[in-house]
Amino acid sequence: QVQLVESGGGLVQAGGSLRISCAASGRTFSSYGMGWFRQAPGKEREFVAAISRSGVTTYYADSVKGRFTISRDNAKNTVYLQMNSLKPEDTALYSCAGGSSAYGGAYSGNYSYWGRGTQVTVSS
């Protein structure tokens, strides 16, 4: 069983930056492909970014490409999402997810473990 706990969310002005983190329990974090998803009120959950277990492969939704960066530190059992040039439409609950495959990609069904999320609010 893997537990994921997100942190670092908050309120930021449009154009600003924020880095959110996801800490994982257990000693097998390095074997999991990880991803970030978000859900805004009244909307479906959507894919944001994914990273392979080694950190070599990353993939982004078109809406965040060039602005967001996913990374991981396997020694610290943590995955990060650096968010720059934030827009009001980025406002959402951001959740991290982990899957036993080397790389989960954009499909939420590839991920078995989910955190509860951290709220990111971008004011205009």
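The basis for the numbers below is simple: all heavy atoms, side chains too, and nothing from hydrogens, waters or symmetry mates.
Evaluation of the salt bridge (Lys or Arg N to Asp or Glu O under 4.0 Å) rule for R67 yields D90 as partners, not counting sequence neighbours. Legend: residues meeting side chain to side chain donor-acceptor pair (under 3.5 Å) with S54, ordered by chain and number and at least two apart, are S52. With sequence neighbours left out, E89 forms a salt bridge (Lys or Arg N to Asp or Glu O under 4.0 Å) with no residue at all. Judged as a side chain to side chain donor-acceptor pair (under 3.5 Å), and not counting sequence neighbours, the contacts of Q82 are N84. Under the rule for a salt bridge (Lys or Arg N to Asp or Glu O under 4.0 Å), the partners of K65 that lie at least two apart in sequence or sit in another chain are D62.
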* Report the C-alpha distance between L81 and V48 in whole Å, list the side-chain angles of each, state the deciding distance to 0.1 Å, and finish with yes or no for side-chain contact (heavy atoms from CB on, under 4.5 Å). => CA-CA 9 Å; L81 186 67; V48 176; 4.1 Å; yes
* Residues I20, M83; criterion side-chain contact (heavy atoms from CB on, under 4.5 Å); working and verdict -> CA-CA 8 Å; I20 56 178; M83 304 181 289; 3.9 Å; yes
* To do: Check the pair Q3, W114 against side-chain contact (heavy atoms from CB on, under 4.5 Å), reporting the backbone distance first and the verdict last.
  => CA-CA 8 Å; Q3 290 187 327; W114 293 82; over 6 Å; no
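Within the structure, every pair that satisfies the side-chain hydrogen bond (donor to acceptor under 3.5 Å, both in side chains) test and touches residues 92-112, not counting sequence neighbours, is listed here: R38-Y94. Within the structure, disulfide (SG to SG under 2.5 Å) pairs that include any residue of residues 42-78 do not occur (at least two apart or interchain). A disulfide (SG to SG under 2.5 Å) check over residues 49-87, counting only residues at least two apart or in different chains, returns nothing. The ring pair (Phe, Tyr, Trp, His ring centres under 6.0 Å) analysis of residues 52-79, with sequence neighbours excluded, yields the pairs F47-Y59. The disulfide (SG to SG under 2.5 Å) pairs that include a residue from residues 30-65 number zero, where partners must be two or more places apart or lie in different chains. Listed by first and then second residue, the disulfide (SG to SG under 2.5 Å) pairs that reach into residues 26-57 come to none, sequence neighbours excluded.
Of the inter-residue distances, the one linking Y113 atom OH with C22 atom SG reads 13.5 Å to the nearest 0.5 angstrom. Expressed to the nearest 0.5 Å, how far NZ of K87 lies from OG of S124 amounts to 14.0 Å.
Remark: R19 qualifies as a cation-pi partner of Y80 under the 6.0 Å distance and 45° angle criteria applied to the six-membered ring.
Linking Ile, Leu, Val, Met, Phe, Trp and Tyr residues whenever their side-chain heavy atoms come within less than 4.5 Å leaves L93 and L86 in two separate clusters.
With contacts defined as side-chain heavy-atom distances shorter than 4.5 Å, the pair T57/I51 does not qualify.
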For a quick test of your reading: what N or O donor-acceptor pairs under 3.5 Å do the side chains of residues 5-15 make, sequence neighbours left out?
residue, atom, partner, partner atom, Å
E6, OE1, R116, N, 3.2
E6, OE1, G117, N, 2.8
E6, OE2, C96, N, 2.9
E6, OE2, G117, N, 3.2

